[in-house]
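Have a look at the structure below, then the notes.
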There are 2 protein chains.
Amino acid sequence: MSGIVTPLVDPTHCETCTIRHRGLCSAASPEALAELNRIANPHHYAAAQTIISEDVPVDFVANVVSGIVKLTKTMPDGRQQIVGLLFPSDFVGRAFAKSWAFSAEAASDVELCCLNRKAFEAIVGRYPDLKQQLLLSTLDELDAAREWMLLLGCKSAEEKVASFLMLLVRRSINAGCGQEAQSADPIFELPVNRADIAGYLGMTVETVSRQISHLKADGTIKLVDIRHYSVPDLNRLAGLAGQEPPVWA
Amino acid sequence: MSGIVTPLVDPTHCETCTIRHRGLCSAASPEALAELNRIANPHHYAAAQTIISEDVPVDFVANVVSGIVKLTKTMPDGRQQIVGLLFPSDFVGRAFAKSWAFSAEAASDVELCCLNRKAFEAIVGRYPDLKQQLLLSTLDELDAAREWMLLLGCKSAEEKVASFLMLLVRRSINAGCGQEAQSADPIFELPVNRADIAGYLGMTVETVSRQISHLKADGTIKLVDIRHYSVPDLNRLAGLAGQEPPVWA
DNA sequence: CGACATGTTGAACCTCATCAACCGACGTGG
DNA sequence: CCACGTCGGTTGATGAGGTTCAACATGTCG
């Protein structure tokens, strides 16, 4: 569990960062980037470590450089819902507020690029492009959250799991755009354990396991290795997810 | 689909508008307000009218002046989830995008203050305070959407209904801050029908009806008139909602 | 007054949660 | 090197909570 801290991100070189041209940073002009550079602070978190606790003041925000971060909300009696999964280039934390009603936890080993919140807010205030990008990505997150409400409120267990896998396919295509792609069957990585999938989909690990077994049995997905699956027929998976066939061709 | 346009809001007088000091407009300087004034366009929608359709381009955004607007998302097979209920002063539509994956429908008779989207975006670009307020309210909406994911993913039928009623109590206290309030038992209005409650909570009308009957039977809520209920013990309701007692005293 | 929408109540069914056993992978220590 | 415990995942049996279907009550509007 103890994280091996490796300097994957050189804090003095935003220019060479793996997420330089993605997420918020993509909207940063060279000057803006230089300012962000000055307050950037790489941090490593081992899987299962807490990054931000519910309702506790935090003085930083961050970008995910590598790994998966889960956003959770816990009820007084301990029941917990995962309200978001953050992938590399996603933004962690709550700008313009001292604390936050959600906690953030490393779902795998995670590299964050942390920024002092006040300093970040000041920079955002000086660079309209940055603020605009922050607004746009917040709007996108809001749309995604509402899409997820449809899943939690309407969909059956099978549809939920299929939808989650579709999400992974989409993220892996986006992340690797420029790669080989398109040609062969799409392949996705399952980056989190059953408990986290269940927590995200609002169901139990047993049901998740059963549904994945079922999708494997009927050939909708095929095991490539321990963490990777291929999808011979994406339309089929999309159909099971209760979606129209994807048009991203 | 053609709304009956009644000039309840005088477009030439933002200053006297009932929501002048709430929502987005509260952040508008006199000059910004004058600019918004110039493009403001009141519209009336009868209950059940569609305001915005899923994935269809729209050229306006709006503020709710009166009434309730529901945001919905529909699956190919017709199942539908209400992903948001908008009250007076809330913002309708999607800035910085031509179309939107959600539809907006009048849940009661509704007055909107409509603004041409492009013109609105231009004004927002010129007034940083306005853009800041738009960002802050989007962040708040995102937090609210995630809170709702907890409800949809974790809570029992009774907890869902109790949570919804708590939401109404909170909104009615906020709306009427400055009124008598505090002294007597809080009273809230049920502004939508069972079907909309069910659609918002991800359950059926029958279950909603049963749970409300149950809350009436055990005295947690008391019928005042056809649309209003009083809450003798707010902590009790909060407890049933699976929340800690509210601290807004 | 009758028709239609909205809300309530009852009974049967079904999906998914719950509880429990089991399996394989992994790491530790004897 | 193997026994052992632990952890994540799978599979099976059972039952409860909520959906579904159906009937009925109430309210509203012509």
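Proteins get letters first, then strands, A, B, ... in listed order; numbering begins at 1 in each.
- T220(B) and R236(B) form a side-chain donor-acceptor contact under 3.5 Å, judged by distance and modelled atom types alone.
- The separation between L215(A) atom CG and dT11(D) atom P is 13 Å, rounded to whole Å.
- Looking only at atom types and distance, the side chain of E159(A) has a donor-acceptor partner in the side chain of S156(A) under 3.5 Å away.
- Side-chain contact, S53(A) with T50(A): no donor N or O sits under 3.5 Å from an acceptor N or O.
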Protein-nucleic acid N or O pairs under 3.5 Å, nucleotides 25-30 of chain D:
none

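- Residues F87(B) and V69(B) have side chains not in contact (no heavy-atom distance under 4.5 Å, counting atoms from C-beta outward).
- A salt bridge does not link R22(B) with D90(B): every distance from a Lys NZ or Arg NE/NH1/NH2 to an Asp or Glu carboxylate oxygen is 4.0 Å or more.
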* Structure fact -> Protein-proximity profile, nucleotides 3-22 of chain C, B/S/- by nucleotide at the 4.0 Å heavy-atom cutoff, equals ----SBBBB----SSBB---
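- The pair D140(A)-R94(B) counts as a salt bridge, with a side-chain nitrogen and a carboxylate oxygen less than 4.0 angstrom apart.
- A salt bridge links R146(A) with E141(B): the distance from a Lys NZ or Arg NE/NH1/NH2 to an Asp or Glu carboxylate oxygen falls below 4.0 Å.
- Atom CG in L190(A) sits about 12 Å away from atom C1' in dG9(D), given to the nearest Å.
- Residue H228(B) places its NE2 atom among more than 12 non-hydrogen atoms of other residues, nucleotides or ligands, all under 6.0 Å distant.
- Note: NE2 (H214(B)) to P (dG18(D)) measures 12 Å, nearest angstrom.
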